[in-house]
Trainee: 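Next up is a structure, given as structure tokens.
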Amino acid sequence: MGKIFRNCVLVGILSLIMGACSTDSEFSLDTRYLNFGRVEAVDGDISRGFQVRLDDGTWLIVNNSQSYRGVDDGDRIQLIYTLLGDAGESEGYKRFFALLNYGQKLLSKEPVLQSYIDYDYEHRQDSIGNDPIRVNEAWFGGRYLNIEFSVPRKSNTNRVHFINLVADDVNSDNVLNVYLRHNGYEDVPEPGDTNFRYSPSFVSFDLMGLLKEGQGSLSIKLHWTDFAGNGWEETVEYTDSGDFVPYGKSSSTSDMKYTADDII
């Protein structure tokens with residue numbers, strides 16, 4: 001594949017995609033931005049309000065945070081916001097006062113360690129799943145590996161599928177191998193099936209727990225298995241690699257590299 005890792009928001013989610021960078025002329029109530037971020041409660045208490053840290057490290061001080069009661073500390077969100085003014089810097093990252101126009105909580109999870117699976121291999125290996133899954137896009141952002149994926153499912157069902165990322169802490173050396181795993185709970189096509197379709201979804205995996213003390217970056221190799229075609233007969237393993245740098249310029253082997261500045 002060789003072209004899935006990139007560094008910012010997914011192009012094409014909405015028609016408006018802009019970076020967090022701004023000039024004085026962009027502090028306007030008529031200008032809105034789309035981005036991904038992480039909710040950070042004020043002093044760890046969500047009832048006191050929250051800030052949002054965007055994937056490029058920028059902090060948004062949300063003036064109307066009290067009106068959003070459906071989020072909690074540490075939640076991964078997609079947000080649309082308006083910049084109200086410059087709030088200086090914090091540890092080298094820009095801070096802005098902002099108005100949150102829209103916020104949607106996104107699925108986020110921590111990776112499962114291979115050593116955890118090995119402890120009860122017979123049961124945990126089966127429950128985490130080995131069903132095919134398609135990676136449409138994947139990129140590092142903030143503290144996350146973001147994956148837009150699709151799973152095959154019956155056309156007449158909305159059964160919930162189980163998605164995880166397994167980090168091989170047993171066999172990996174300089175490069176950490178991670179495996180996108182899927183359990184379709186028998187909602188998976190067999191050869192000759194005609195009533196299946198690919199259904200898209202999105203997940204963010206928090207990679208911070210995989211960094212060792214003092215480690216500022218991590219080389220990642222992502223593995224996944226997908227059907228070779230729509231005949232549901234043959235599967236193929238795909239891989240891609242990149243360097244994860246929390247809230248930094250994560251490098252990749254991709255031919256498609258974007259940063260927030262590139263999107264403006």
Trainee: Counting distance only, does the side-chain N/O of Y198 pair as donor-acceptor with the main-chain N or O of R134 below 3.5 Å?
Mentor: no
Trainee: Got a sec, which residues hit side-chain contact (heavy atoms from CB on, under 4.5 Å) with D173, two or more places apart in sequence or on another chain?
Mentor: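 Expected list: none.
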Trainee: Mark yes or no for whether D45, through its side chain, and S47, through its backbone, hold a donor-acceptor pair below 3.5 Å.
Mentor: yes
Trainee: Mind checking side-chain contact (heavy atoms from CB on, under 4.5 Å) for T235 and listing every partner two or more places apart, or none if nothing turns up?
Mentor: P132, T225, F227
Trainee: Do R181 and Q125 have side chains that approach each other closer than 4.5 Å (heavy atoms only, starting at C-beta)?
Mentor: yes
Trainee: Going by heavy atoms in the side chains, are F202 and N146 under 4.5 Å from each other?
Mentor: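 Yes, at least one pair of side-chain atoms sits under 4.5 Å.
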Trainee: Around atom NZ of K105, are there more than 12 heavy atoms of other residues, nucleotides or ligands at under 6.0 Å?
Mentor: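 No, the 6.0 Å shell around NZ holds no more than 12 heavy atoms from other groups.
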Trainee: Tell me whether D55 is salt-bridged to R76, with the criterion being a basic N under 4.0 Å from an acidic carboxylate O.
Mentor: yes
Trainee: Identify the residue among N183, I147, V151 that makes a side chain to side chain contact (heavy atoms under 4.5 Å, CB included) with I163.
Mentor: V151
Trainee: Are any of the side-chain heavy atoms of D187 and D131 separated by less than 4.5 Å?
Mentor: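 The answer is no; the side chains never approach within 4.5 Å.
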Trainee: Tell me whether Y116 at atom OH has more than 12 heavy atoms from other residues, nucleotides or ligands lying less than 6.0 Å away.
Mentor: no
Trainee: Would you call the rings of H161 and H182 parallel, tilted or perpendicular if under 30° counts as parallel and over 60° as perpendicular?
Mentor: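 It falls in the parallel class, under 30°.
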Trainee: Determine, for Y119 and R124, whether the Lys NZ or Arg CZ falls below 6.0 Å from the six-membered ring centre while staying within 45 degrees of the axis.
Mentor: no
Trainee: If you define the side chain from C-beta out and look only at heavy atoms, does anything of Y144 sit under 4.5 Å from L106?
Mentor: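 Of all side-chain heavy-atom pairs linking L106 with Y144, none is under 4.5 Å.
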